[in-house]
Structure formats: structure tokens, C-alpha cells
Amino acid sequence: QELLQKLSMLHTTCSQPLDERYMNDVAWGYSNAPWYRGAPHVYPQQAAAGLYSTPTDMVRFLLMLMASETDENQVLSRDTVEEMMSPQA
């Protein structure tokens, strides 16, 4: 929450199941298959699949990452961003 608030990412959440206040803003998938409902899924792997966001909020996050290259970033340190972008084993 601290990161999302500092970046003014007001339309981003990791809540599972998805909070009711986001339901009208989410773009659902579509399929002609009768079994497909396009509803939000609840994932046990929240870090890998639990983020719901808007394009505008994602751009805010990417701009913050880019700003770390010039040390203009006040949210995450340059070292933290470099670690985020490094391959993890």
C-alpha cells in the first residue's frame, strides 16, 4: 500500500477476491465458450497473478522505475530498482 499511495496509483490493488469498488473499472476477458464467464479469478500466487491495475497507474510505476536511472526517484532507491530488474534464481 505504501508504494501504491506514494505513486498515486489509486486504481491498483492486490486484494483477493477483487474489492467491489473496482468491479466496474476492470476489463474482463471474452470468449464464446459457454463455460467462460470472464469473472475475476482468485489466485493463490498473489505476487505473480494478483495485481489489478489500470494503464495509467502502470505508466506511473514505469516512470518511477525510469526516474531511478537519474536518481530523481524518491520512492525506491536505485539499488532496489536494479535488484528488481536483475535475473532472480
Side-chain angles (χ1 to χ4, degrees):
Q1 278 306 96
E2 186 175 327
L3 177 64
L4 299 179
Q5 289 174 356
K6 284 184 178 179
L7 294 174
S8 298
M9 295 174 68
L10 304 177
H11 299 97
T12 300
T13 186
C14 291
S15 65
Q16 296 274 336
L18 188 60
D19 191 306
E20 188 69 32
R21 70 183 179 125
Y22 296 103
M23 290 298 205
N24 292 329
D25 297 327
V26 175
W28 306 117
Y30 176 79
S31 174
N32 284 330
W35 55 266
Y36 187 78
R37 298 177 191 240
H41 300 283
V42 176
Y43 296 101
Q45 323 81 336
Q46 286 188 349
L51 183 72
Y52 286 92
S53 189
T54 62
T56 303
D57 279 3
M58 292 305 295
V59 167
R60 285 187 174 104
F61 183 75
L62 293 172
L63 289 172
M64 179 271 302
L65 293 177
M66 291 169 54
S68 71
E69 284 294 314
T70 58
D71 290 326
E72 296 172 15
N73 177 24
Q74 300 296 313
V75 180
L76 296 176
S77 71
R78 185 175 185 166
D79 291 341
T80 299
V81 173
E82 285 180 9
E83 187 174 344
M84 288 172 62
M85 298 299 149
S86 299
Q88 305 293 311

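Under a hydrophobic clustering in which Ile, Leu, Val, Met, Phe, Trp and Tyr are joined whenever their side-chain heavy atoms come within less than 4.5 Å, directly or via other members, Met85 and Leu7 fall into the same cluster. Note on Met9: it clusters hydrophobically with Leu65, by side-chain heavy-atom contacts below 4.5 Å among ILVMFWY residues.
Within the 4.5 Å cutoff, the side chain of Met84 has heavy atoms near those of the Leu76 side chain.
Closest heavy-atom contact between Asp57 and His11: OD2-N, 2.7 Å. Nearest heavy atom pair, residue Leu3 against residue Phe61, reads CD2-CE1, 4.0 Å.
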Test log, rule side-chain contact (heavy atoms from CB on, under 4.5 Å), inputs Asp19 and Tyr52: CA-CA 10 Å; Asp19 191 306; Tyr52 286 92; over 6 Å; no
Verify side-chain contact (heavy atoms from CB on, under 4.5 Å) between Leu51 and Met58, making sure each step is shown before the conclusion. CA-CA 11 Å; Leu51 183 72; Met58 292 305 295; 4.3 Å; yes
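To the nearest 0.5 angstrom, Thr54 atom OG1 is 7.0 Å from Arg60 atom CZ. With rounding to the nearest 0.5 angstrom, the CE atom of Met64 is 12.0 Å from the OG atom of Ser8. Atom OG of residue Ser68 and atom CG of residue Leu63 lie 11.0 Å apart, to the nearest 0.5 angstrom.
Within a 6.0 Å radius of CE in Met23, more than 12 heavy atoms belonging to other residues, nucleotides or ligands are found. Around the CD atom of Glu82, the shell of radius 6.0 Å holds more than 12 heavy atoms that belong to other residues, nucleotides or ligands.
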